[in-house]
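This report concerns only the one structure given below.
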There are 2 protein chains.
Amino acid sequence: MTGAALEKTTFREVMAAITQRITEGPWGPGTLIPTETELAEEFGCSRTTMNRALREISGLGLLDRKRKAGTRVRMAPIRQARFELPLVRNEVEAAGAEYRYQLINRAVLAAPDWLRARMDLGPDSPVLHIQCLHFADGKAFQLEDRWINALALPQALAEDFATIGPNEWLIATVPYSEVEISFLAVAADDLAVRHLDHAIGDPVFCVERATWWKNAAITLVSLSHPRGHRMTTRY
Amino acid sequence: MTGAALEKTTFREVMAAITQRITEGPWGPGTLIPTETELAEEFGCSRTTMNRALREISGLGLLDRKRKAGTRVRMAPIRQARFELPLVRNEVEAAGAEYRYQLINRAVLAAPDWLRARMDLGPDSPVLHIQCLHFADGKAFQLEDRWINALALPQALAEDFATIGPNEWLIATVPYSEVEISFLAVAADDLAVRHLDHAIGDPVFCVERATWWKNAAITLVSLSHPRGHRMTTRY
DNA sequence: CAGTGGTCTAGACCACAAC
DNA sequence: TTGTGGTCTAGACCACTGG
């Protein structure tokens, strides 16, 4: 006897088995693997289930599927790095640390040229500029430097952001919008030196996020981190 | 007549409609939306189709689904940044530029302590150290600084990497493995200054990738980029 | 033109979690 | 206990694309 239990074949089990054949088994890069129908028969599941399994593996970047041509193991796996960018408060609290917020600076002014270009604003556009800190267990965790388009979001002018961060306020106000996220390295400026334990000119890992809603720029924020910060993903 | 065509309702159409209700329509953050069965009836599709649509939207981070509790619009959307990290050659050529590779340095030596710790190597482990450049249309595009575990991958010692980069060789040799990817900011070192148009100490955006296969470290690579490089994603 | 994946359907049972 | 999502099935038709 085979010893195989009579459990139902789930698409997760199929995924695991197929993935193993790709990573450790006989299906090296470039291999044309059997059709859904054949595999479904081999694994004793429906084609629907096999389709789901293969579709998900394909989504992970290991397989390349084309009608008529069949399913092929990718020559070079599509390495993808995926990062979740939760609300700072949640990130801190998820790490079991105590969250604290502190406003550093709040000002209303005319948008400087570089910002007008970046956010596509008209001349003399009023913007709200906010700089603040997010702490984890008393240590500076993230420095936030944010610009808010005051024409698109006049309600922001009524907020003082003394006790709740602009990020949380914005999420509650403009929940779902177009977003552009960038990761980059910049040199530490005054603010980073003063609050993030950097020396002037130090390399700082920085996340920049621009947000639009119905084609109007809402906010541009730069999030900086302490020395040695890295964003890591594993798979 | 309604003017509506009699086309089948596809899960993509359903996705678009539901997504719109979330982003622009009546379903603000926290809303408990109708059940799959109800929605399927409203949209005139099967529950299977509605399930697929909702599952995919949920995968995008807009919905939170729990058995019995139902499907809820997330209070804070899970912002996720997803980056594809293709083979440099493909990345360059996909941009319509001409790719060129150049070896800078190749050496076999005993792993330094920091590397032994990082790759979990034994004392006196031999490693292959390779430094090389990837050009796009004649301009330095990426600086690669790689360490290869010579015990785990002795074939690497027979390669001179004069004409093809270690990345491509590795992909053909150890195709699918465990990977850890980090993004970080570092200060420009000699090599970056010499080849990437940096000044000493400049902030450099850097991708670090560690690769394991069957619990043995295979390679650790650091990829640096020219001034002002940023990784961007939009959605 | 024909093979392969893409998707829809109707029905069923199950697992989890709120009540 | 019971409602809701999670998943499997068998069958069907379609759409793309390689030959």
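Values below: all heavy atoms of this structure, side chains included; hydrogens, waters and symmetry mates excluded. Below, chains carry the letters A, B, ... as their sequence lines are ordered, and counting in each starts from 1.
- Judged by distance alone, with hydrogens and angles left aside, Arg12(B) brings no side-chain donor or acceptor close enough to the base of dT7(C) to form a pair under 3.5 Å.
- Atom-to-atom, CG of Leu32(A) to C1' of dT17(D) comes out at 14 Å; the value is rounded to the nearest Å.
- Residue Glu41(A) contributes atom CD, which lies 12 Å from atom P of dA10(D) at whole-angstrom precision.
- Interatomic distance, CG of Leu54(A) versus CG of Leu39(A), reported as 6.0 Å (0.5 Å rounding).
- If you measure from atom CE of Met50(A) to atom P of dG6(C), you get 14 Å, rounded to the nearest angstrom.
- When the side-chain nitrogen and oxygen atoms of Thr48(A) are compared with OP1 and OP2 of dT7(D), none of them lie within a distance under 4.0 Å.
- In terms of phosphate contacts, Arg52(B) brings a side-chain nitrogen or oxygen within less than 4.0 Å of OP1 or OP2 of dT7(C).
- Atom C1' of nucleotide dG5(D) and atom CZ of Arg47(B) are separated by 6 Å, given to the nearest angstrom.
- No contact: Thr37(B) has no heavy atom under 4.0 Å from any strand.
- Among the nucleotides dT9(C), dT7(C), dA18(C), the one closest to any side-chain atom of Lys66(B) is dA18(C).
- dA18(C) atom P lies 11 Å from atom CG of Asp64(B), rounded to whole Å.
- Side-chain atoms of Arg67(B) stay outside donor-acceptor range of the base of dA17(C), with no qualifying N/O pair under 3.5 Å.
- Which of dG5(D), dA10(D), dT7(D) sits closest to the side chain of Thr71(B) comes down to dG5(D).
- Rounded to whole Å, the distance from CD on Glu36(B) to P on dG5(D) is 5 Å.
- Residue-level contact check: Thr35(A) touches the backbone only, with heavy atoms under 4.0 Å from sugar-phosphate atoms and none from bases.
- In this entry the distance linking CG of Asn51(A) with P of dT9(C) reads 15 Å, nearest Å.
- Heavy-atom distances to DNA chain D give each of Glu38(B) and Lys68(A) a nearest nucleotide, and the one nearer the 5′ end belongs to Glu38(B).
- How far CZ of Arg82(A) is from CZ of Arg82(B): 7.5 Å, rounded to the nearest 0.5 Å.
- To the nearest angstrom, C1' of dT7(D) lies 15 Å from CG of Leu54(B).
- Checked against the 6.0 Å centroid threshold, Phe205(A) and Phe183(A) count as a close aromatic pair.
- Comparing Ile33(A) and Phe11(B) against DNA chain C, the residue whose closest nucleotide sits nearer the 5' end is Ile33(A).
- Heavy-atom neighbours of Glu42(B) CD from other residues, nucleotides or ligands within 6.0 Å: above the threshold of 12.
- In this model, a donor atom of one side chain and an acceptor atom of the other lie less than 3.5 Å apart for Tyr99(A) and His134(A).
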